[in-house]
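Structure first, commentary second.
Heavy-atom basis, side chains included; hydrogens, waters and symmetry copies ignored.
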Amino acid sequence: MSDILISGGTVVDGTGAPAYRADVRVRDGVIVEIGPGLAPAGERVVDATGCHVAPGIIDTHTHLDGAMWWNPELDPLPSYGNTSAVLGNCGNSIAPLAAGTQRDEIVDLLCFLEDLPLEAFRQLVPWTWETWPEYTEALRTQPTTVHVSGYLGHLALRTYVMGAAAWERAATAAEID
């Protein structure tokens, strides 16, 4: 299934070079050859005539932190050509989060800002983590249609360290350390 020849498409390679007509051979999920008129070598052939062939798009600013748990297809990203998504770039993330008040405050804020379903966060996100390493381990167990990675959001980190005081005052030197 990971061996494929994409034939007759217009390649847009992401380098800024003009698009060009070529075939793309993929073996074991890796592009191994690009050129015009490649002969099939036992792989599945997809006719891309009239289509653009491009590397996957990386969505560098998403708010899919919760949605990936209740919608692992991450629809519609794959249909747009997205192959990767980055979480937490806005400064908010769902880790690290201490259970209880801090988690509720961050999730409430995320749902308010992005009009996301609060009940889905409460019922469908597993919440098996508090720390960032625990969260990244949980991400590894959640299959999605795109690669998911993320930044540790400043807001989550700040409230994890400072608790409710994060909303009321500047961090002390010790809290920053």
Side-chain angles (χ1 to χ4, degrees), residues 1-2 11-16 19 26 29-31 51-177:
M1 191 124 175
S2 61
V11 174
V12 179
D13 66 13
T15 66
V26 178
V30 176
I31 296 172
C51 298
H52 285 88
V53 179
I57 296 168
I58 300 170
D59 190 336
T60 61
H61 186 144
T62 71
H63 298 127
L64 300 170
D65 309 56
M68 62 175 278
W69 298 99
W70 63 78
N71 175 20
E73 295 81 21
L74 294 173
D75 185 50
L77 292 184
S79 63
Y80 295 156
N82 287 88
T83 59
S84 301
V86 180
L87 311 172
N89 198 25
C90 61
N92 202 356
S93 62
I94 61 174
L97 291 181
T101 308
Q102 188 223 358
R103 182 174 71 201
D104 292 345
E105 287 176 347
I106 295 295
V107 169
D108 286 349
L109 180 60
L110 187 60
C111 290
F112 172 76
L113 293 173
E114 298 302 326
D115 195 26
L116 297 169
L118 182 59
E119 283 309 306
F121 269 94
R122 289 183 177 153
Q123 296 174 11
L124 302 172
V125 175
W127 301 115
T128 57
W129 62 86
E130 284 192 12
T131 67
W132 184 258
E134 292 168 343
Y135 175 64
T136 58
E137 188 57 37
L139 287 179
R140 282 192 260 285
T141 69
Q142 175 61 15
T144 58
T145 56
V146 302
H147 302 283
V148 176
S149 186
Y151 292 104
L152 188 152
H154 172 76
L155 183 57
L157 178 60
R158 180 177 166 81
T159 56
Y160 185 79
V161 171
M162 297 177 63
W167 305 104
E168 301 163 0
R169 63 173 175 78
T172 65
E175 289 166 334
I176 291 170
D177 286 344

> Residues two or more places apart in sequence or in another chain: which of them pass salt bridge (charged side-chain N to carboxylate O under 4.0 Å, His left out) with E168?
Replying inline: none

Using atom types as modelled, flag every donor-acceptor pair under 3.5 Å from a side chain in residues 158-165 to any protein atom, sequence neighbours excluded.
residue: R158; atom: NE; partner: A166; partner atom: O; Å: 3.2
residue: R158; atom: NH2; partner: A166; partner atom: O; Å: 3.0
residue: R158; atom: NH2; partner: R169; partner atom: O; Å: 2.6
residue: T159; atom: OG1; partner: Q102; partner atom: NE2; Å: 2.6
residue: T159; atom: OG1; partner: L155; partner atom: O; Å: 3.0
residue: T159; atom: OG1; partner: A156; partner atom: O; Å: 3.2

With a 3.5 Å cut-off and sequence neighbours excluded, list the donor-acceptor pairs that the side chains of residues 71-84 form with protein atoms.
residue: N71; atom: OD1; partner: L74; partner atom: N; Å: 3.4
residue: S79; atom: OG; partner: P76; partner atom: O; Å: 2.7

>> I'd like to know if the side chain of E114 reaches the main chain of L110, judged simply by a donor and an acceptor atom lying under 3.5 Å from each other, with no hydrogens or angles considered.
In response: no

> What are the two closest heavy atoms between A138 and T128, and how far apart are they?
Replying inline: CB-OG1, 3.9 Å

> Is any side-chain heavy atom of M68 closer than 4.5 Å to a side-chain heavy atom of L87?
Replying inline: yes

> Any ring-ring contact (aromatic ring centres under 6.0 Å, His included) pairs touching residues 126-148, not counting sequence neighbours?
Replying inline: W69-W129, W127-W129, W129-Y135, W132-Y135

For residues 91-98, run the donor-acceptor check on the side chains, cut-off 3.5 Å, and write out each pair with its distance to 0.1 Å, sequence neighbours left out.
residue: S93; atom: OG; partner: A95; partner atom: O; Å: 2.6
residue: S93; atom: OG; partner: G153; partner atom: N; Å: 2.8

> What residues, two or more places apart in sequence or in another chain, satisfy side-chain contact (heavy atoms from CB on, under 4.5 Å) together with P117?
Replying inline: W70, A120

>> Nearest 0.5 angstrom please: I58 CD1 to S149 OG, how far?
In response: 10.0 Å

> More than 12 heavy atoms of other residues, nucleotides or ligands under 6.0 Å from CG of L124: is that the case?
Replying inline: yes

>> If you compare all heavy atoms of P133 against all heavy atoms of T136, which two are closest, and at what distance to 0.1 Å?
In response: O-OG1, 3.0 Å

